[in-house]
Amino acid sequence: MTMSAAGIGSNLDVDGIVSQLMAVEKQPLALLQKREADYQAKLSAYGSLKGSLSAFQTAMQGLADGSKFQAATASAADSSVLAASANGKAVPGSYSVEVQQLAQQQKIRSDGFASTSTVIGSGTLTIQYGAYDSGSNTFTLNNAKPAQTVTIDPANNTLSGVRDAINAANIDVSATIINDGASNRLVMTSKDTGASSSIKISVADDDGNDLDASGLSRLAFDPTAAAGTGRNMAEVQPGQDAKLKIDGIDISKPSNTITDAIEGVTLNLLKSNTGSPTTLTVGRDVAGVKASVEAFVKAYNNVSQTLAGLSAYNAATKTGAALQGDSATLSIQSRIRATLSATVGAAAAGGGLSSLSDIGVAFQKDGTLALDSTKLQAALDNNFNGIAGLFSAQGKSSDSLVSYVGSTGNTVPGNYAVTVSRLAAQASVAGSQAAGLTITAGINDQLDINVDGTLASITLSAGTYGSADALAAEVQSKLNGTAALLNAGNAVTVSQSAGVLTIASARYGSASAVSVMGGNGAASLMGASPVSAAGVDVSGTINGIAATGIGQTLSAAVGDHAEGLRVNINGGPLGSRGNIGFSRGYADQLNTLVSGFLTSDGLIASRTDGLNASIKDLDQRQSDFNDRLTAIEARYRAQFTALDTMLSSLNQTSAYMTQQLSALPTKYS
């Protein structure tokens, strides 16, 4: 008879025996599980470390900006007259400011129309900007503002359509319609303030007459023309410059926001105060610099405490933290501390400060940083401008026409000599004879120019120009207003000498090129044989080794200590051009250092990748081991079930024999 459950027939505890045997068999699995738990704890600890380092790196990136340590303050005694701000270039002092006139935008208006749906006409509106002088009745173009064109076609030739087309063109003019109770007038406003942003509107009217008071030419506005013959809109508000006095000096600026009157100071004019000057006070933002230094100390202490906590050993409980003794953690900790303990090359860049202790920042016994406010204040009083060099990457030139542009992580702090063997030049094309000042429509009004690989075609306004300067301004305005050059990011400057026009690319270097391609006005404007000059890159050396020149920028050679250093040569003589002193402050160094720890192939990623691989391997080993345990348990159960069956059979045999023996006659006993 077969047993239905192990042990029933033999009283053998098969489940207990197998359970105890399997407990022994499972001991290696427990070791694997403990090892995986340790790896998981380390992985979690590295996650915490990565988060802390990322926060530290973000803080260092912000503090590596030298402007945070060169801030200045500016305030007016009467804040209703003007608001002011300052940067690190501002010199502390006080100024008397009298605002005599605010800058304003020009506004012009059309005659009245019956409704907003009244058809005006079709053609093109060409808008140019400049300054009108009523005394000489001349309009001088603003070379900094290119001409802009708006196309009016049958789909938008109503009053409201013209308004919408102007606004949709996103140019330097906005348009509105004002109803005066009897009619509707188109009002056009220059978006920029200042006399030199006044408007001139030329019309190419599809009705064939560009100057009369009908069709699209009703929107023509040439301030030098007679009413009804090209001046068909009226001025509502003239464009004017802001006028003010600073310490008794007369100043005129096109905007109410003035950035170049006092170096490093921005003025925002709010109202006039003629006859009642207000005092502008400029000072150093000592509180802001202190806050930045305190933020540096706090950021380091936060990451230092995280590192210490993750690698600590608790003597009382005799247990270590997850990363206690971890070589990567110790390496990160020591490299950050070593960076802070070393001096920086701030003195090379003229800073005069070379260590954190110079501003009162020092290590404590517990490994944190502490700030001595008294020592910091002394540094602020005696070397305010040098503090930035302790934290940011800086380059300072001994030559005012050589400017520091940037560096890379490979640039080593130091002083590097700069020599220039060739200055950069812009490509240009010069006329071979004086330009004709009379432009006739359809005869000599078109010019095709290739600028830096982009073809631009223009049509000049017809008429006799009062001077070669006026004609040059017209050519520049029209060229820089073409969609082709605007879309390519290219531009030109047009000048004249003895009546001969020169068109130069705004770009420096071999990438620039200018040539006359054609047009019916090419010969009249540029002569029969215009002469092109190629653009050239600057050339020279940095640290005695040939540098790479692109435009006006020299870049130091790869492999040299100065590698990655870039400087602009903004003119000046050939030969030796002094030195560039380059330094890396603590925040800049730590930003680079920690950024390296956090990269996809950095130290932390390497460790976490290794841990993840080990955990994956342990998971597989545990899975394989569990499969083995299942097989072992099945084998044990089969063996002990067989033993149970055998013992049960023996027990039955024993019982039978006992029964039989007990039945034997007594005489045999």
Side-chain angles (χ1 to χ4, degrees), residues 81-82 98-112 125-148 150 162-163 166-167 169 171-180 183-203 211 213 217-245 250-261 267-275 461 463 466-467 469-470 473-474 477 481:
V81 173
L82 62 92
E98 179 183 341
V99 180
Q100 300 169 322
Q101 172 181 290
L102 293 179
Q104 65 183 21
Q105 306 149 295
Q106 185 194 36
K107 292 186 177 185
I108 60 174
R109 63 159 179 83
S110 70
D111 288 338
L125 303 174
T126 299
I127 303 170
Q128 293 174 288
Y129 307 89
Y132 174 64
D133 184 346
S134 59
S136 61
N137 194 32
T138 57
F139 187 85
T140 303
L141 290 175
N142 181 345
N143 287 336
K145 295 173 74 71
Q148 297 170 322
V150 179
V162 171
R163 175 201 60 194
I166 291 171
N167 291 332
I171 57 178
D172 291 332
V173 167
S174 62
T176 57
I177 296 173
I178 294 179
N179 184 288
D180 61 10
S183 63
N184 297 275
R185 300 175 185 271
L186 182 71
V187 177
M188 297 174 65
T189 304
S190 175
K191 290 183 179 178
D192 294 327
T193 58
S196 62
S197 290
S198 297
I199 305 167
K200 175 184 177 182
I201 304 175
S202 303
V203 177
L211 302 176
S217 54
R218 281 180 285 181
L219 302 182
F221 183 74
D222 181 350
T224 66
T229 58
R231 180 162 58 85
N232 302 327
M233 297 181 74
E235 185 175 68
V236 176
Q237 174 178 290
Q240 68 180 30
D241 293 334
K243 294 180 185 270
L244 65 157
K245 283 187 177 183
D250 289 320
I251 295 171
S252 178
K253 297 292 181 180
S255 171
N256 291 317
T257 299
I258 301 171
T259 60
D260 56 355
L267 304 176
N268 291 299
L269 308 184
L270 303 175
K271 73 175 186 179
S272 63
N273 64 334
T274 303
S461 298
S467 66
D469 283 328
E474 169 76 1
S477 172

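The analysis underlying the following values was restricted to heavy atoms, covering all of them including side chains, and did not include hydrogens, waters or symmetry mates. This structure is a prediction, so every number in the text was calculated from the model and none was measured.
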Q. When rounded to the nearest 0.5 angstrom, what distance separates CD in Gln100 from CG in Leu244?
A. 7.5 Å
Q: Measure across Met233 and Ile201 and return the closest heavy-atom pair with its distance rounded to 0.1 Å.
A: SD-CD1, 4.3 Å
(Q) Taking side-chain hydrogen bond (donor to acceptor under 3.5 Å, both in side chains) as the criterion, tell me which of Lys200, Gln128, Gln148 meets it with Ser477. (A) Gln128
Q) Between Asp250 and Lys243, is there a side-chain N and carboxylate O pair less than 4.0 Å apart? A) no
Q: Ignoring hydrogens and angles, tell me if any N or O in the side chain of Lys191 forms a donor-acceptor pair with the backbone of Ile171 under 3.5 Å.
A: yes
**Q.** Side-chain donor or acceptor of Asn256 paired with backbone N/O of Leu102 under 3.5 Å
**A.** no
Q) Where the side chain of Asp192 meets the backbone of Ser197, is there a donor-acceptor pair that is under 3.5 Å apart? A) no
Q | Ser217 side, atom OG; Leu125 side, atom CG - distance, nearest 0.5 Å | A | 10.5 Å
(Q) Would you say Tyr132 and Asn137 are linked by a side-chain donor-acceptor pair, where the criterion is simply a distance under 3.5 Å? (A) yes
Q) Do the side chains of Ile127 and Ile199 get nearer than 4.5 Å, heavy atoms only? A) yes
Q) Can you name the closest pair of heavy atoms from Ala195 and Ser198 and give their distance? A) O-OG, 2.9 Å
Q) Is there a donor in the side chain of Thr274 and an acceptor in the side chain of Glu98, or the other way round, less than 3.5 Å apart? A) no
Q | Minimal non-hydrogen separation, Ile166 against Val173, with atom names | A | CG2-O, 3.8 Å
Q. Below 4.0 angstrom, N of the basic side chain to O of the carboxylate: do Lys253 and Asp241 qualify?
A. no
Q) Would you say the side-chain atoms of Asp469 and Ser467 include a donor-acceptor pair closer than 3.5 Å? A) no
Q: Can you see which heavy atom on Tyr129 is nearest to which on Asp172, and at what distance?
A: OH-CB, 3.3 Å
Q: Would you please say whether a donor-acceptor pair under 3.5 Å links the side chains of Gln237 and Gln106?
A: no
(Q) Tell me whether Ser110 contacts the main-chain N or O of Leu219 through its side chain, where contact means a donor paired with an acceptor under 3.5 Å. (A) no
Q.
Rounded at 0.5 Å granularity, tell me how far CG in Asp222 sits from CG in Leu211.
A. 8.5 Å
Q) Okay, side chain of Gln104, backbone of Pro238: is any donor-acceptor separation there less than 3.5 Å? A) yes
Q. Going through the checks in order, is the salt bridge (charged side-chain N to carboxylate O under 4.0 Å, His left out) test met by Asp180 and Arg185?
A. CA-CA 8 Å; Asp180 61 10; Arg185 300 175 185 271; 3.0 Å; yes
Q. Heavy atoms, side chains only, cut-off 4.5 Å: are Arg163 and Leu186 in contact?
A. yes
Q. Backbone N or O of Ser190 within a donor-acceptor pair of the Gln105 side chain at under 3.5 Å?
A. yes
Q. With distance as the sole criterion, is a donor-acceptor pair present between the side chains of Thr257 and Asn268 under 3.5 Å?
A. yes
Q.
So which atom in Ala261 and which in Ile258 form the shortest heavy-atom distance, rounded to 0.1 Å?
A. CB-CG2, 3.7 Å
Q: Supply the atom-to-atom distance Thr176 OG1 to Arg109 CZ, rounded to the nearest 0.5 angstrom.
A: 12.5 Å
Q. Going from CG on Leu269 to OG1 on Thr193, what distance comes out if it is rounded to the nearest 0.5 angstrom?
A. 10.0 Å
**Q.** Exam field: side chain Arg231 to backbone Ala225, donor-acceptor pair closer than 3.5 Å
**A.** yes
Q. Is there a side-chain contact between Leu270 and Val81, using heavy atoms and a 4.5 Å cut-off?
A. no
Q. Which distance, rounded to the nearest 0.5 Å, do you find between the CZ of Phe221 and the CG of Asn232?
A. 10.0 Å
Q. Do the side chains of Glu474 and Ser461 get nearer than 4.5 Å, heavy atoms only?
A. yes
Q: Identify the heavy atoms of Gly112 and Ser183 that sit nearest to each other, and give their distance.
A: CA-OG, 3.4 Å
Q | Side-chain H-bond candidate by donor/acceptor type, Ser136 with Thr138, under 3.5 Å | A | yes
